[in-house]
Amino acid sequence: MANDVANDIVEEHSLSSLLLAWFTLEKRDLPWRRTGDPYAIWVSEVMLQQTQVKTVIPYYEQFLQRFPSVVQLATASLEDVLTVWSGLGYYSRARRMWEGARYMCDQRGGKMPQDYDSLLLVPGIGKYTAGAIASIAFGQRVAAIDGNVLRVVSRLLAWPEPVETVRSHRHFGELLGKWQPAVQPGDFNQALMELGAMICTPKNPDCGGCPLAFVCEGYLQDDVFLYPVKKPKSQRQVVTRLTFVLRRGDQVYLQKRPSHGLLADLWEFPGVELSQGNDLKESILNISGDNGFGFFQKTVSERMFDELVREQFERGITLHGPVWYTFSHRRWKIIWAIFDFPDLDNPRNLPELLERPESKPEGVSAPRESVGEYRLDSRKDHQLEDHCWVTLQDLTGLPLPVAFTAIVDDLKTSEE
DNA sequence: AATGCGGGGAA
DNA sequence: TTCCCAGCATT
């Protein structure tokens, strides 16, 4: 019975000592375990959302080097923050951290909130992250329930319901609230997560090495693999994306994506999502001639080369690819057309080249109010340009999604 | 409660 | 391939 186990665990005080002893002995030496700086711990917790430790480490080091404190993050441009973040995914995390730093500067004198309830008010900090920071950095006795903890506890209790429900979450929270010691609440939370990452893994749990196996109902019933119970996930939809690669000498053309939705505020080769279900052949049919040029006009801001592009569409374009790219909820079949233009030795970024017939609010970074003294008045912070020409080498200085690296590689190899 | 939001590691 | 990862915000 799950309740009996729960009571046993609560009553068995030595159980948490057992877990903590294991943690003290076996814990990995991770960068964020060498600091007590709440800011650094905040950075680590946000990066670790839905992201494995191994992936995070290099980003963590770079980020702290570039933005060592709340104030330095708050006074940076979003563009710079996204550039350091690029490749890590879930880019709204970076934007919200940046907003969170500004919130701390504007409302809290540049200091981190020091308790669970105040941390919850910060953009990008939810229940898990608030609990993690409050317990690890400030020693508050609050739970931090992540995917690891859900797996560990569900196996411990042989919990028969889906773990994503409010009911499960509340039940686990109450249990952990009683179980968590007052002395090292942060270590207790980390120990549970570490156990989930190292021992109680999804596929090959090492129950033989688990300090809690002797009270684990899942293990005792030989049913570890039944848990955690999960609801079925919705399917990924497949979308064909026609991408326009404009090339002028050694430079390529990029546009900035809208501030909301997929890959928000990142740069990309402009493109359109063709209606779902078109196979490649059908797409070629649809995008030749005026139809394709229409796509181009609607998608690409740059108007200088319209005539050249129209000619090329009439002659018939060559499609490259496809390459596949998978997001968490969508799959792109990427095909691309390359347009080469004469490299007139125009000065870069002439204002008249950047002027656009009509304004497109979505493409411009959203205007912010009351950012106060921390507003950075650099060009980037309120840049009106939503497009630019850059060399392939300079791409590393911009936040470019990994989805386009295949195209970049193709351009680099075909360049020689 | 369901959905949108990246990228990579591991089996 | 599939699953899952130190989740959050919006609807």
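All chains are named by letter (A, B, ...) in the order of the sequence lines, taking the proteins before the strands, and each is independently numbered beginning at 1.
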List the atom pairs, with distances to 0.1 Å, where a side-chain N or O of residues 122-138 of chain A and a protein N or O form a donor-acceptor pair under 3.5 Å, not counting sequence neighbours.
| unit_1 | atom_1 | unit_2 | atom_2 | d |
| --- | --- | --- | --- | --- |
| A:Y128 | OH | A:E45 | OE1 | 2.7 |
| A:T129 | OG1 | A:Q49 | NE2 | 2.9 |
| A:S135 | OG | A:G131 | O | 2.8 |
| A:S135 | OG | A:A132 | O | 3.2 |
| A:S135 | OG | A:N189 | ND2 | 3.0 |

Enumerate donor-acceptor pairs with a distance under 3.5 Å from any side-chain N or O in residues 60-70 of chain A to protein atoms, sequence neighbours excluded.
| unit_1 | atom_1 | unit_2 | atom_2 | d |
| --- | --- | --- | --- | --- |
| A:R66 | NH2 | A:D80 | OD2 | 3.3 |
| A:S69 | OG | A:Q72 | N | 3.3 |
| A:S69 | OG | A:Q72 | OE1 | 2.9 |

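In this structure, A:H329 places its NE2 atom 18 Å from P of C:dA9, rounding to the nearest Å. In this entry the distance linking CE of A:M198 with C1' of C:dC4 reads 16 Å, nearest Å. Regarding A:F188, its CZ atom lies at a distance of 17 Å from the P atom of C:dA6, rounded to whole Å. When rounded to the nearest whole Å, the span between NZ of A:K230 and C1' of C:dT2 equals 13 Å. Spacing between atom CE of A:M193 and atom C1' of C:dC4 amounts to 16 Å, rounded to whole angstrom units. Atom pair A:R93:CZ and C:dA9:C1' shows a separation of 14 Å (rounding to whole Å applied). The distance between atom CD of A:E164 and atom P of C:dC3, rounded to the nearest whole Å, is 13 Å. Per the geometry, CE belonging to A:M97 stands 14 Å off C1' belonging to C:dC8, to the nearest Å.
Considering only heavy atoms from C-beta on, A:Y91 stays 4.5 Å or farther from A:D265 through its side chain.
With 3.5 Å as the limit, one finds a donor-acceptor pair spanning the side chains of A:D115 and A:S118.
As judged by a 4.0 angstrom heavy-atom cut-off over every strand, A:N204 is placed among residues touching the sugar-phosphate backbone only. Counting any heavy atom pair closer than 4.0 Å across all strands shown, A:L88 reaches a base atom. Across all strands shown, A:S92 has no heavy atoms under 4.0 Å from either base or sugar-phosphate atoms. Among the heavy atoms of the strands, none lies under 4.0 Å from A:V46.
When DNA chain B is scanned 5' to 3' for any atom under 4.0 Å from a heavy atom of chain A, the first and last hits are B:dA1 to B:dA11.
Residues meeting the ring pair (Phe, Tyr, Trp, His ring centres under 6.0 Å) test with A:Y116, sequence neighbours left out: none. Scanning for salt bridge (charged side-chain N to carboxylate O under 4.0 Å, His left out) contacts around A:R241 gives A:E268, with sequence neighbours left out. Residues passing the side-chain hydrogen bond (donor to acceptor under 3.5 Å, both in side chains) test with A:S168 are A:W159, A:T165, sequence neighbours excluded. For the ring pair (Phe, Tyr, Trp, His ring centres under 6.0 Å) test, no residue two or more places apart in sequence or in another chain qualifies with A:Y90. With sequence neighbours excluded, the residues forming a ring pair (Phe, Tyr, Trp, His ring centres under 6.0 Å) with A:Y325 are A:F327, listed by chain and number. Listed by chain and number, the residues in a ring pair (Phe, Tyr, Trp, His ring centres under 6.0 Å) with A:F296 are A:F244, A:F339 (sequence neighbours excluded).
Of the residues in residues 127-155 of chain A, none has a non-hydrogen atom less than 4.0 angstrom from any atom of DNA chain B. Contacts with DNA chain B (heavy atom under 4.0 Å) in residues 47-64 of chain A: A:Q50, A:T51, A:Q52, listed by number.
Listed by first then second residue, pairs satisfying salt bridge (charged side-chain N to carboxylate O under 4.0 Å, His left out) with a partner in residues 146-164 of chain A read A:E161-A:R167, not counting sequence neighbours.
Each of A:K203 and A:Y90 was matched to the nucleotide of DNA chain B holding its nearest heavy atom; the match closer to the 5' end belongs to A:Y90.
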